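A short write-up of the structure that comes next.
These numbers were taken from a predicted model, which means no experiment stands behind them. Reckoned from all heavy atoms, side chains included, excluding hydrogens, waters and symmetry mates.
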Amino acid sequence: MSGGVEWALHCCVVLTSVRQPVPAARLAELHDISPTYLAKQLQALSRAGLIHSVQGKSGGYALTRPPELITVLDVVDAVDGPDPAFVCTEIRRRGPMATPAEACTTPCAISRAMATAESARREALRAISVADLAKDVESDYGTGALAGIGAWLRTPSG
């Protein structure tokens, strides 16, 4: 997975701490990341319908639905795309001991193993919501951690 997935997940989690939209520049400042780089991740989340932008003086980004309804897989797919991590290139059909194409009617053992792993990865990511991550932040850093982040996000930068 790309590093953009991590940034996108962090943004989704911190957006659970506020009710109003948060400017992209403020999210970038919070995470100490380039606003240009973060904008790409926010655009991917927006194109996927996970967040939306609000224009105007008090504009910014907000989640489009409750965090319980946004999965880690949703974010991964938004940023990195839904393609599997492994794509079989039929290596068995190459080289001096190549298997004839007509004998390759079913996936090989390696392809089957990787498809099983991909399925397990997707199921694991689908089972975790942004709300679950937010609860874990509270467990890891103490009750009120997200409230503190929300308060910081609402404070005008200066």
Side-chain contact, heavy-atom cut-off 4.5 Å: [X] with [Y]?
X	Y	answer
Tyr61	Pro21	no
Arg92	Ile110	no
Cys11	Gln41	no
Val79	Trp7	no

- [ ] Check whether Ile128 and Val14 end up in the same hydrophobic cluster, where Ile, Leu, Val, Met, Phe, Trp and Tyr are linked by side-chain heavy atoms less than 4.5 Å apart.
- [x] yes
Task: Cluster link Tyr37 to Val22, ILVMFWY, side chain under 4.5 Å - done: yes
How close do [X] and [Y] get, heavy atom to heavy atom, and via which atoms?
X	Y	value
Arg122	Pro82	NH1-O, 3.7 Å
Ala134	Val13	CA-CG1, 4.0 Å
Cys12	Leu45	SG-CD1, 3.9 Å
Ala78	Ala44	O-CB, 3.5 Å
Thr71	Arg126	CG2-O, 3.3 Å
Pro67	Thr16	CB-CG2, 3.6 Å

Hey, could you give me the [atom1]/[atom2] distance between [X] and [Y], rounded to the nearest 0.5 Å?
X	Y	atom1	atom2	answer
Ser111	Glu90	OG	CD	7.0 Å
Leu133	Leu9	CG	CG	6.0 Å
Leu153	Leu15	CG	CG	7.5 Å
His52	Arg65	NE2	CZ	12.5 Å
Glu138	Leu146	CD	CG	4.5 Å
Arg19	Leu63	CZ	CG	12.0 Å

Task: Residue pair Arg94, Thr89: steps toward the side chain to side chain contact (heavy atoms under 4.5 Å, CB included) verdict - done: CA-CA 10 Å; Arg94 299 180 188 177; Thr89 61; 4.1 Å; yes
TODO: Please check if atom OH in Tyr141 has more than 12 non-hydrogen atoms from other residues, nucleotides or ligands closer than 6.0 Å.
DONE: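 At most 12 heavy atoms, drawn from other residues, nucleotides or ligands, come within 6.0 Å of this atom.
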Open item on the list: Counting only heavy atoms not in Leu69 (residues, nucleotides, ligands), do more than 12 fall under 6.0 Å from its CG?
Closed with: yes
TODO: Taking only Lys NZ, Arg NE, NH1 and NH2, and the carboxylate oxygens of Asp or Glu, determine whether Glu29 and Arg26 approach each other closer than 4.0 Å.
DONE: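 Answer for the salt bridge query: yes.
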Donor-acceptor check, side chain of [X] to backbone of [Y], threshold 3.5 angstrom: yes or no?
X	Y	value
Thr64	Leu50	yes
Arg112	Pro107	yes
Asp140	Val137	no
Ser46	Leu42	no

- [ ] Tell me, please, which residues at least two apart from Arg121 pass side-chain contact (heavy atoms from CB on, under 4.5 Å).
- [x] Met1, Val76, Glu118, Leu125
Task: Chi angles and distances behind the side-chain hydrogen bond (donor to acceptor under 3.5 Å, both in side chains) call for Ser139, Asp136 - done: CA-CA 5 Å; Ser139 294; Asp136 288 346; 4.9 Å; no
